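These values consider heavy atoms only, across backbone and side chains, with no hydrogens, waters or symmetry-generated copies. Starting from 1, each residue takes its place in the sequence as its number. If you're wondering where the values come from, they're calculated on a predicted model, not measured in any experiment.
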Amino acid sequence: MVLVGSHGEKDGLNDDAVLDYRGNPVEKSKTGGWLAAGLILGCELSERICVMGISMNLVPYLVGDLHISAAKSATMVTNFMGTLNLLGLLGGFLADAKLSRYVTVAISAAITSLGVILLTVATTIPSMRPPPCDEYRRQHHECIEANGRQLALLYVALYTIALGCGGIKSNVSSFGSDQFDVTDPKEENAMIFFISRFYFGISIGSLFGVIVLVYIQDNIGRGLGYGISAATMVIALAVLLCGTPWYRFKRPQGSPLTILWRVLFLALKKRNQSYPSHPSLLNDYENRRVPYTKRFKCLDKAAVLDDDCAANTNKNKPCVVSTVTQVEEVKMVLKLLPIWSTCILFWTIYSQMTTFTIHQATAMHRTVGSFVIPAGSFSAFLVITILLFTSLNEKVFVPLARKLTHNVQGITCLQRIGIGLILSIAAMVGAAIVEKERRQRAIQKEIKLSAFWLFIQFFLVGCGEAFAYVGQLEFFIREAPDRMKSMSTGLFLSTISMGFFVSSLLVYIVDHATKKSWLRTNLNKGKLNNFYWLLAALGFINLLVFLILASRHEYRTHLPIKPESREEELKSLNNEMIEDVEKKATIQSLKNIEP
């Protein structure tokens, strides 16, 4: 907020001061708390309703109404979801660097509302669709595909939604957390409860989207279904704005991405300079906040004090020279990238739940009595499984693991990720077997397999997400530098984004390599099960790479600060020996009390 920033600066308030909407220090009795956080939560609830209601039922519309091939339809959906999560990085950057979280969420909600309204128009106007196609022409691939003019408005609508939802996704949880004072034990407990309710709100929005809205889209009209999504977002925006007097605000502190790019730029700029004789000669070495490490030593040149910045007046200019702390923080981020890269394929497998799995459901038996379940509504199995196993993780699995391993964490974040990867591989194996059986029955016996068999892949992917989602987020939060905690959300969102983009790339490669024989609109003439086997094989290779990288990863707490002198080194060595003896004694005592 402009008023907050200008007013706060005039009053000489600290950059991290908590202010009201007028820019004055907050009165805790009149601002923040559950009232403010609840009003903010409405935006995320509406965002989930929009995204899930659109993404989980978009493939049937693209294939059935616009007559686009299954492979191209899947690519359109995964590109949309990948862009949405990638734009979350932009939303986080703008909020941290300039706009503030409140302004970013408000603008993003308005953009999302506009996008869903455009989508409503694009799916309602008859001229935006090609002529209807009967079953005979569909079987012989004679349907007229939607042309560029008809798709133009659809693309504008989808990517407008992606821009808006990306800004909401990356900021709304942080803005909600800002409404609680973590220094106050009572408010800190309320914030923890808010985080759990936040995830519950996401799930409720997702269920409403995939059950209620998908049914309305398929049985009453897509215009009405998307219109309801637009209305919920407009209402959420109005509620957000009406709650302005009750919010607590924090001024933008600057994005950690700025530090990241600045260090990389300065290291490249000073690449021809020599390393100092000792690391202590690097800029601000004595005031470093994190341990100095020799890994990625080339980045140390960003903190080299050359003739131009040797004067004290230039030492504090970040555009001229970085500090050792900044360089080491960037090193810590780069150290996360190997594990980050192995998390991508999980989300590639997850993306199949929004594309080909939904397309499978359209070719299966979906009738219960006289009621036909919409294909997109089967994704409710995924959401319910995620909810169930997230609760079981914290209430059953983690306490049990604590007893077995005598580890406070129970299951480490890397172990959670590994379990998620294993379950995703199992999901693709199950999906391949189910699809082969479905195809054989359809061709040989002309019998449709029950769509409830899709529960296998939805269940396994949902279980995998319950482990992988928490594990990845915990890993990035724990291992990211203290001053770059917002990077953790960015890194996490980028793995999801890259997972969807990798899915688009795989579909393109497979479609061309197999001459469109695997991924056919008519699944009975294709070999979708082979695509699932391919994903399972890639997942297995990715798991092996992950296990190697995870075994070599050193957690951040395992990096002690190197002593300044020989005397301190001996003292540190002596302390380590004492700690080692105490550790062994503790382990022995634990063994003695085991049954």
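Under a 3.5 Å cut-off, the side chain of His365 and the backbone N or O of Leu449 do not form any donor-acceptor pair. Panel note: side chain Thr367, backbone Ser370; no donor-acceptor pair is recorded below 3.5 Å. Judged by distance alone, with hydrogens and angles left aside, the side-chain atoms of Ser46 form no donor-acceptor pair with the main-chain N or O of Cys43 at under 3.5 Å. Remark: the backbone N or O of Thr342 is paired with a side-chain donor or acceptor of Asn542 at under 3.5 angstrom. Looking only at distances, no side-chain donor or acceptor of Ser497 sits under 3.5 Å from a matching main-chain atom of Ser494.
Here Asp511 does not pair with Lys515 in a salt bridge; the nearest charged N to carboxylate O distance is not below 4.0 Å. Between Arg439 and Glu435, no side-chain nitrogen of the basic residue sits less than 4.0 Å from a carboxylate oxygen of the acidic one, so the salt-bridge criterion is not met. At a threshold of 4.0 Å, the pair Glu44-Lys169 does not count as salt-bridged, since none of the basic side-chain nitrogens sits closer than that to a carboxylate oxygen.
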* I would like to know whether Tyr469 and Phe492 meet ring-ring contact (aromatic ring centres under 6.0 Å, His included); could you show each step before the answer? => CA-CA 9 Å; Tyr469 187 104; Phe492 178 63; 4.8 Å; yes

* **Verdict with reasoning, Phe500 to Thr354, per side-chain contact (heavy atoms from CB on, under 4.5 Å)** => CA-CA 10 Å; Phe500 280 100; Thr354 67; 4.2 Å; yes

* Asked: What do the steps show when you test Phe346 against Phe467 for ring-ring contact (aromatic ring centres under 6.0 Å, His included), and what is the final call?
  -> CA-CA 11 Å; Phe346 174 85; Phe467 284 98; over 10 Å; no

* Stepwise, does the side-chain contact (heavy atoms from CB on, under 4.5 Å) test hold for Arg438 with Met364? -> CA-CA 8 Å; Arg438 184 210 63 79; Met364 301 174 78; 3.5 Å; yes

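Between Cys50 and Cys165, a gap of 2.5 Å or greater is found separating the two SG atoms.
Leu158 places a side-chain heavy atom less than 4.5 Å from the side chain of Ile54. Residues Asn529 and Lys527 meet the side-chain proximity criterion, which asks for heavy atoms closer than 4.5 Å. Within the 4.5 Å cutoff, no side-chain heavy atoms of Met128 are placed close to those of Leu151. The shortest side-chain heavy-atom distance between Ile68 and Val63 does not fall under the 4.5 Å cut-off. Annotation: side chain of Leu493 is not in contact with side chain of Leu86 (no heavy-atom distance under 4.5 Å). Residues Leu62 and Val77 are in side-chain contact: their nearest non-hydrogen atoms beyond the backbone lie under 4.5 Å apart.
When only modelled atom types and interatomic distance are considered, Ser351 and Ser503 share a side-chain donor-acceptor pair under 3.5 Å. Looking only at atom types and distance, the side chain of Thr521 has no donor-acceptor partner in the side chain of Ser69 under 3.5 Å away. One side chain, Trp347 or Gln472, offers a donor N or O that lies under 3.5 Å from an acceptor on the other. No hydrogens or angles considered: a donor-acceptor pair under 3.5 Å links the side chains of Ser504 and Asn79. In this structure, a donor-acceptor pair under 3.5 Å is absent between the side chains of Gln352 and Gln457.
Remark: Gln440 CD to Lys436 NZ distance equals 5.5 Å, nearest 0.5 Å. Here the straight-line distance linking atom CZ of Arg48 with atom OG1 of Thr232 works out to 12.5 Å at 0.5 Å rounding. Within the model, atoms CG of Leu58 and OG of Ser73 stand 8.0 Å from one another, a figure rounded to the nearest 0.5 Å. Atom-to-atom distance recorded for Tyr226:OH and Ile161:CD1 is 8.5 Å, nearest 0.5 angstrom. In this structure, the separation between CD1 on Ile168 and OG1 on Thr112 is 4.0 Å, given to the nearest 0.5 Å.
In this structure, Phe546 has its ring center at least 6.0 angstrom away from the ring center of His553.
Partners of Phe356 under the ring-ring contact (aromatic ring centres under 6.0 Å, His included) rule, at least two apart in sequence or in another chain, are Phe531. Taking Arg295 as the reference, nothing meets the salt bridge (Lys or Arg N to Asp or Glu O under 4.0 Å) condition, with sequence neighbours excluded.
For Trp518, the CH2 atom counts as densely surrounded, since its 6.0 Å shell holds more than 12 non-hydrogen atoms of other residues, nucleotides or ligands.
For the pairing with Phe378, the ring-ring contact (aromatic ring centres under 6.0 Å, His included) check across Phe458, Phe455, Phe452 returns one residue only, Phe452.
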